[in-house]
Amino acid sequence: MGLFSALLGNAGAVNQEQLIKDYSGLLIDGEQIELGFKLIRDTFIFTNKRLILIDKQGITGNKTEYKSIIYKAISRFSIETAGTFDLDAELKIWISSETLPSIKKQFNKSVNVYDVQKILAHHVLK
């Protein structure tokens, strides 16, 4: 992920081994990390059981919020692909019956947003 893209808040894919090393303590028995993305300080991870959002807070980033969203709580989602001159694509996720998206994430061009859509569809449509 390029520095310019990171400064704009765009997410880039994270190596699965690194995610396992950093976040295996969050997983339950039988849970596996399938895909993960990192913003400047924040990370979100798709597992075979849930979506985990990791939000580093404060100036030092020592305070961290770990938010888990089970896939059946996701009522809908959308992707907006990058245009010719756009730098990124956007993912929006609605939780339960909320009218506005609960989660919005920007992806840089290094991420195939169709892969993200596919993994969400796989879990949400079960």
As an exercise, state the distance from NZ of K92 to CG of L100, rounded to the nearest 0.5 Å. 9.5 Å
Quick check against the 3.5 Å criterion: does D88 have a side-chain atom that pairs as donor or acceptor with the backbone of K105? no
Are V14 and I119 connected into the same hydrophobic cluster when the rule is that any two of I, L, V, M, F, W, Y join if their side-chain heavy atoms are below 4.5 Å apart? no
Could you list the residues that satisfy side chain to side chain donor-acceptor pair (under 3.5 Å) with D22, not counting sequence neighbours? Q18
Does any pair with a residue in residues 51-72 pass salt bridge (Lys or Arg N to Asp or Glu O under 4.0 Å), and if so which ones, sequence neighbours excluded? none
Which of parallel (below 30°), tilted (30 to 60°) and perpendicular (above 60°) describes H123 and Y71? parallel
Can you name the closest pair of heavy atoms from K49 and D29 and give their distance? CE-O, 4.3 Å
Considering only heavy atoms from C-beta outward, does the side chain of L51 approach that of I103 to under 4.5 Å? yes
For I20 and L27: C-alpha separation, side-chain torsions, deciding distance, then whether side-chain contact (heavy atoms from CB on, under 4.5 Å) applies. CA-CA 9 Å; I20 292 167; L27 306 178; 5.7 Å; no
If the condition is side chain to side chain donor-acceptor pair (under 3.5 Å), which residues does Q16 pass it with, not counting sequence neighbours? none
Same apolar cluster (I L V M F W Y, side chains within < 4.5 Å links), I79/W94: no
Distance check, rounded to the nearest 0.5 Å: I52 atom CD1 versus Y66 atom OH? 10.5 Å
Taken to the nearest 0.5 Å, the spacing of S78 OG from I93 CD1 works out to 9.0 Å
Please name all residues satisfying side chain to side chain contact (heavy atoms under 4.5 Å, CB included) with L125, sequence neighbours left out, ordered by chain then number. A121
From CD (Q57) to OG1 (T64), nearest 0.5 Å: 7.5 Å
Rounded to the nearest 0.5 angstrom, the CZ-CG distance for F44 and L53 is 7.5 Å
For H122 against K126, the heavy-atom pair lying closest together: O-CG, 3.2 Å
Nearest non-hydrogen partners of T81 and A89, listed with the distance: CA-CB, 4.0 Å
Between T43 and L19, does the side-chain contact (heavy atoms from CB on, under 4.5 Å) criterion hold? Intermediate values first, please. CA-CA 9 Å; T43 304; L19 291 170; 4.0 Å; yes
Test side-chain contact (heavy atoms from CB on, under 4.5 Å) applied to L35 and I45, step by step: CA-CA 6 Å; L35 196 59; I45 300 170; over 6 Å; no
With sequence neighbours excluded, what pairs up with Q32 under the side chain to side chain donor-acceptor pair (under 3.5 Å) test? none
Are I54 and F37 joined in one hydrophobic group, where the rule is that I, L, V, M, F, W and Y side chains link up if heavy atoms are under 4.5 Å apart? no
Run T47 and L26 through side-chain contact (heavy atoms from CB on, under 4.5 Å) and show every step you take. CA-CA 11 Å; T47 76; L26 298 174; over 6 Å; no
Partner set under ring-ring contact (aromatic ring centres under 6.0 Å, His included) for F46, not counting sequence neighbours: none
Cluster question for you: counting only ILVMFWY and a side-chain heavy-atom cut-off of under 4.5 Å, with indirect links fine, are I70 and I74 together? no
Straight-line distance of K21 NZ to N15 CG, nearest 0.5 Å: 10.5 Å
